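Worksheet: the structure to be examined is printed underneath.
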Amino acid sequence: MIIFISVLAIIMIASAHSADQKVYEIARLKNEAKELRSAFVDGRSQLMRLKMESSIIKKVVEKGIIISEIPPQKIKVKTQN
Amino acid sequence: MATTETNILNRLYFVAGSMFVFALAVVFKLCVIQFVQGDVYRELAEERTIQNMDIPANRGNVYSVDGSLLATSIPKYDIRIDAIQPKQELFNTLVKPLADSLSRYSGKPLSYHLNKIKKARLDKNRYFLLARDISYSDYIRIRNFPMLNLGAIRGGLIVTQEEKRDHPMGGIAERTIGYEKIDEDGNVTRPGIDGYFGKTYLRGTNGKRLMQKIGNRKWKPIVDYDQVEPQDGYDVYTTIDVNIQDIAHHSLLGQLEKYEADHGCAVVMDVKTGEIKAISNLGRNQSGSYYERLNYAVGESHEPGSTFKVMAFMAALEDKVIDTSTIVDTKNGSKRFYGRTISDSRGHGKISAARALEVSSNIGLATIIDDHYSKQPKKFVNRLKSWKLHNKLGVSLIGEGKPVIPEPGDAIWSKNALPSMAYGYNLRMTPLQTLTFYNAIANDGEMVRPRFINAVKEFDREVKSFDKEVINQKICSDKTLGEIREILKNVVVRGTGQRMYSENFSMAGKTGTARTDYYDFEEWKKDRKYVSSFAGYFPADNPKYSCIVVIHKPSTKVGFYGADVSGPVFKRIAQKIYTETPLIDEVESLEVVDVKIEGQYESFYKTSQLHKTIMPDVVGLPAMDALALLENMGLKVNMRGTGTVKTQSINKGVKVKLNQIIVLGT
């Protein structure tokens, strides 16, 4: 009887501890997710700035490439897609 | 004194008695705590270990039309150092490398950081700030600097993290994208889209959950459900086009810098739907660089100057008091109205009304309006009011400027008010209001409300979508529209906007150069201040976008005319959109049968089948055909030039050998 109750008690204590452990784990993962999100937005904002037309114009002007005065001409064949 | 047994016993009784009394006191106190004050303490204990905690809702994002992020919430980091935590020896060896790394990061000199950190150690500063509000990648970089990479215990690194609103595009359109800020006193500032839609869509509602403390500042949920589920904020999709916005921002910035102007704005609007594709507002700070300071386009109501002549002219056309060929005498650049002189930059003499608008003659417009409305000024004002020019547009941004259109009886009304209004003075409008009117001209008379957002979404589910809103179905007759559009086109071809003309693409619009801050006219003459603007649309014949550019107080040493200051920004945006839309030629099919080519091919095929060893007549054939024909026969062809063959060195009908040389002349 006493052994049974003490086994139950041990199980209860163990499960309470493992629940606590999970809380810590969740907090850690949440933080990591936040950091990854931060890294993603950071990367994306850098990309956005890099691919903006004005920054590209600045970069290629040394190579002698300037923006066209006339638009591209597109030939569209109606029977083909 | 001899020690007797009774003596000892007496002392013993005394000590035991005292201990008994003490024990009683303890028991008494225990009872008091347990039963009298028990409830208070039990409550306190629960409060400290169990709390109903807020689960913060995530604020929604703001997106551009192509799905680029314009505003989002991300963690930002503050890096500090506990300057006395590192051991002396460690500090001495690593402080210089740390300062070196920091100076490379911040661009400030090494000695600056070195002195600061050394001073922090001397001052026993345990919370010395190294960098504030930095992004994740910068945080990772700084964390690996010498000394800081040893961590909190040995290196003294302190990192704090906070959720902040970030604009990935940086300063571009920042004022229109906006934010929502609540300070300690509870005052809220809400500029831009983020501010306007913060409460209704972006914010979301916080949830609640019962949590129990388990040490180390961590809390665990007691029950496995939330008392109140948090509701994340919705995402807002704006109408802003990142590409057009980028061009508008940078060309406006370029002009402001060139003319050392005080501030300016540029707005691009989609003609059919009223969507704002780009809006840029730049103001100058004390050091002379520009940033998104205030939303001038929406909030700043000012005297528009010549861009308003279009409204005045249209009123006269619509009331049929003039037509475009009515002759108006603009004199030699100076005319008196009710004791006040109105002047033009130069005299134009007697010209047609249309021409007066093209060359933006103040006298011309003042004369037209004064001649026909001085007896019935109310009629003119009512016409303007029928276009709702006296009302706010009701755009979805906080702080729209109020337009002022005076009428007889108002404090600012006088005999001179009418001629002044004809060329855009004695009244106030915001750039966005002026643009809305020009957009109506471009949109066949339908006036639509400028719109900043397209949809509100929760992930992929659309919560609300926004559509075109019409302010006025038809502002005027098609005849008036056709005439005014012709004049606006001619402004760029041969009027005040001539310097902007491009043979590649068409634009239509009106320049404006208005005086500002002229209340003290003598003072104004010493330091002339103007507002240079250009409002219009493009392409001229089938308008797709309308645009206004307003630049305040350009340096008159560099220039101040609307066409020179604001025009280039307008032109650059028009050019950008023009060069980005490919010209599309449509053909039915690639298998086109051309009779001429078919015939040539037939005869080529016949000649090649007929002549294997005997020289054919190639005179008159295209050089390329002759070359192919003769080389297939095994001849070596010697030919110069292009076009058709005129001479051949071997006559026709002559038998030829392999590898024989033949000379063709073209």
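Being a predicted model, the structure only gives us computed values, none of them experimental. Convention: sequence-line order gives letters A, B, ...; per-chain numbering from 1.
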Next item on the list: Please look at B:Ser251 and chain A and tell me whether the side chain, the backbone, both or neither of the residue comes under 4.5 angstrom of a heavy atom of that chain.
Entry: neither

Next item on the list: State the OG-NZ distance between B:Ser73 and A:Lys34, to the nearest 0.5 angstrom.
Entry: 10.5 Å

Margin query: Within a 6.0 Å radius of atom NZ on B:Lys576, are there more than 12 heavy atoms belonging to other residues, nucleotides or ligands?
Written below: yes

Margin query: Which one wins on heavy-atom pair count under 4.5 Å against chain A: B:Ile172, B:Leu69, B:Leu583?
Written below: B:Leu583

Checklist line | Within 6.0 angstrom of B:Lys164 NZ, more than 12 heavy atoms from elsewhere | finding: yes

Notebook entry, point to check: Should we say atom CD1 of A:Ile66 is surrounded by more than 12 heavy atoms from elsewhere, each under 6.0 Å from it?
Noted result: no

Note to self: At a 4.5 Å cut-off on heavy atoms, which part of B:Lys76 comes close to chain A: side chain, backbone, both, or neither?
What the structure shows: neither

Next item on the list: Check whether more than 12 heavy atoms from other residues, nucleotides or ligands sit under 6.0 Å from atom NZ of A:Lys59, and answer yes or no.
Entry: no

Margin query: Looking only at heavy atoms and a cut-off of under 4.5 Å, which of B:His167, B:Glu163, B:Gln161 has the most pairs with chain A?
Written below: B:Gln161

Check: Does the side chain of B:Asp585 come under 3.5 Å of the side chain of A:Gln73 through a donor N or O and an acceptor N or O?
Finding: yes

Check: Using a distance-only test with no angle check, is there a side-chain donor-acceptor pair under 3.5 angstrom linking B:Thr72 and A:Arg37?
Finding: yes

Item checked: Part of A:Met52 lying under 4.5 Å from any heavy atom of chain B -> both

Notebook entry, point to check: Checking side chain to side chain contact (heavy atoms under 4.5 Å, CB included) for the pair A:Glu35/B:Tyr77: CA distance, chi angles, key distance, verdict?
Noted result: CA-CA 10 Å; A:Glu35 282 188 1; B:Tyr77 303 84; 3.3 Å; yes

Next item on the list: Check the surroundings of atom CG in A:Leu36: do more than 12 heavy atoms from other residues, nucleotides or ligands lie under 6.0 Å from it?
Entry: yes

Item checked: Which of A:Ile67, A:Asp42, A:Asn31, A:Ile70 touches chain B most, by non-hydrogen pairs under 4.5 Å -> A:Asp42

Next item on the list: Could you tell me which portion of B:Ile247 (side chain, backbone, both or neither) has an atom closer than 4.5 angstrom to a non-hydrogen atom of chain A?
Entry: side chain

Checklist line | Per-residue contact mode, A:Ile57 against chain B (heavy atom under 4.5 angstrom) | finding: side chain

Checklist line | Least distance between heavy atoms, B:Gln575 atom then A:Ser68 atom | finding: NE2-O, 3.6 Å

Notebook entry, point to check: Tell me, do B:Pro582 and A:Pro71 make a side-chain contact under 4.5 Å, heavy atoms counted?
Noted result: no

Notebook entry, point to check: For A:Asp20, is it the side chain, the backbone, both, or neither that has a heavy atom closer than 4.5 Å to a heavy atom of chain B?
Noted result: both

Next item on the list: Would you mind checking which part of B:Ser137 comes under 4.5 Å of any heavy atom in chain A, side chain (CB onward), backbone (N, CA, C, O), both or neither?
Entry: both

Notebook entry, point to check: Got more than 12 heavy atoms from elsewhere within 6.0 Å of CD1, A:Ile3?
Noted result: no

Notebook entry, point to check: Which of the residues B:Ile74, B:Val587, B:Ile584 is involved in the greatest number of heavy-atom pairs with chain A at under 4.5 angstrom?
Noted result: B:Val587

Note to self: For a salt bridge (charged side-chain N to carboxylate O under 4.0 Å, His left out) check, start with the C-alpha distance between B:Arg572 and A:Glu53, then their side-chain angles and the critical distance, and finish with the verdict.
What the structure shows: CA-CA 13 Å; B:Arg572 177 72 189 88; A:Glu53 193 175 314; 3.6 Å; yes

Notebook entry, point to check: With a cut-off of 6.0 Å (strictly less than), are more than 12 heavy atoms of other residues, nucleotides or ligands near CZ of A:Arg44?
Noted result: yes

Check: Taking atom CD of B:Glu586 and atom NZ of A:Lys78, what is their separation to the nearest 0.5 Å?
Finding: 4.5 Å

Item checked: Which portion of B:Asn504 sits near chain A, non-hydrogen atoms under 4.5 angstrom -> side chain

Item checked: Heavy-atom closest contact (A:Ser38 atom, B:Pro75 atom, distance) -> OG-O, 3.3 Å

Item checked: side chain to side chain contact (heavy atoms under 4.5 Å, CB included) evaluation trace for B:Ser68 with A:Met48 -> CA-CA 8 Å; B:Ser68 301; A:Met48 260 170 88; 3.7 Å; yes

